[in-house]
Amino acid sequence: MVTNTHADVQVSDLNFFYGAVQALHGITIDIPEKQVTALIGPSGCGKSTFLRTLNRMNDIIVGTRAEGRVLVRGANIYAPGTDVAALRRRVGMVFQKSNPFPKSIFDNVAYGPRLFGVRGRNELTEIVEKSLVRAGLWAEVKDRLPASAMALSGGQQQRLCIARALAVGPEILLMDEPASALDPRSTAHIEDLIGELRENYTIVIVTHNMQQAARVSDITAFFYEGHIIETGPTQTMFTTPTQKQTEDYITGRFG
Amino acid sequence: MNKRNLLDNLGLWTFRIIAYSVVGAVAYILLDIVVKGAPSIHWDFLSSPPRKSGAAGGIFPAILGTVYLTSGAMLVAFPLGMASAIYLSEYARQGRFTRAIRLAIITLSGVPSIVFGLFGLGLFVLFFGFGASILSGCLTLACMILPTIIVASEEALRAVPQYLREGSLALGAGPWQTIRKNVLPYAIPGMVTGSILGIGRAAGETAPILLTAAAFYLPRLPKSALDPCMALPYHLYVLATQHPSADQVRPMQYGTAFTLVAIVLFFNVGAILLRAHFRKKYQW
């Protein structure tokens, strides 16, 4: 299943602190291009924190600090003078709790492009349609784009958030437990979508659901207490993990 | 009926009676003003200047003065208050310094209005040399209602869920873009609500304008913002306590009170409609 592509994101020796508390210890991992990397581990193990270091979303939390190197396509995103807004445009994010804006469906998806100066109605319409198609939502909403996004179901809202993230043309998509608040059918929908998006995007997904990690990912990294215990092809990780802790976690003996 | 039901009912009725008596007191005052004030209201009373030091004629200059002072104060205080609230809630690092600023703001909102009047007299009337004028009065009233607006605006901003900010930032929006496009639109209704309280205070206060803007008796209309003006609350005060024959001008007093209440109501209804308009636009 794993092919030898070059790494899209290279993280080396990353430490992360909330004030005096160290949440990540010497994280080193290569995230391959156009594959799905799953981050698993018990609650509080640092996987979400790690995900948020990849688009510097942790910057908005007061008193946080990162040490080490995170190369996105070769450039260190923690180097001084990095344009964080431009970084977040390249590294999109989907949150655990779907967070549609209280605007119309159209305006939700057009929000990002408008930030970057796309004004033409035709151009916006084209981007909105393309993004909604990619997020697998177009057929359901194409007749009610001016309706409020808040009227959509939970699963539709999450796909809208994916469409919104796609609309700014990212290369990498970060997903923080994107299906944890959804019913099984919507979850299956999101998982299928991840499989399709994998063709065009590098995806990093945090999940609490072992079956989900096994189903959707190519690479799995197991986090425990701020360390990466083990990384490897998902198949190997789930069949023959080398570390005892990984095996215990995957088989449900703790966490 | 068991003991618990009895206690429940006792509690319910205690609170009900307290609530009713509060409403009743307000209703009594309003009713008194309406019943005794309404007969004085006719077109001449509203549209002509006072004569015989207020014993005859109308109250038009006072109405106009109050409208000038109130809208001027809002025009100054609302943008300033909004900007301060945005800074405090969205930009400033939360810590000892912002806590000190908040404490100062809350304290300011409790400062007696006469102190604001004296402050306005010292700063705007004398130091800046605006004299006793509409301008000085507006600025003084603006200072007085600023804390109310800041506190309400900050609360409105805090009520906007954090995930809307994160969602916007994650799309590559800058902090100001996020505030302008994905925070302020949802906070505006709350901010307007807060200013409603400010409007009522600005229209009704006497002490701050006593020393900075209001003329005792000025039948002619102000020609510029640097002229003094009459104002309803001060006119009412003069008629009720300073007039040589206070009893004879009773109808004028009630008419003035009625008009003042009506103007405050008018401003409030306007603000409520504005809020409803914004609310309908953004719901989550």
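Here is the naming used below: chain letters follow the sequence lines, and residue numbers restart at 1 for every chain. Keep in mind that this is a model prediction, so the values were computed, not measured.
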Measuring heavy-atom distances to chain B, does A:Leu115 have an atom under 4.5 Å in its side chain, in its backbone, in both, or in neither? both
Does the side chain of A:Glu129 come within less than 4.5 Å of A:Val133's, by heavy atoms? yes
Lys/Arg-Asp/Glu bridge criterion (N-O < 4.0 Å) met for A:Glu199, A:Lys34: no
Engaged part of A:Arg56 at the chain B interface, taking heavy atoms whose separation is under 4.5 Å: neither
Could you tell me which portion of A:Pro100 (side chain, backbone, both or neither) has an atom closer than 4.5 angstrom to a non-hydrogen atom of chain B? backbone
Centres of the A:Phe101 and A:Tyr111 rings: under 6.0 Å? yes
Is a donor from one side chain sitting under 3.5 angstrom from an acceptor on the other, for B:Ser168 and B:Asn182? no
Return yes if some donor-acceptor pair links the side-chain N/O of A:Arg88 with the main-chain N/O of A:Asn55 below 3.5 Å, else return no. yes
Can you tell me which portion of B:Gln94 sits under 4.5 Å from chain A's heavy atoms? Options are side chain, backbone, both or neither. neither
Using non-hydrogen atoms only, which part of A:Arg90 is less than 4.5 Å away from chain B: side chain, backbone, both, or neither? neither
Picking from B:Lys181, B:Arg93, B:Arg165, which has the most non-hydrogen pairs under 4.5 angstrom with chain A? B:Lys181
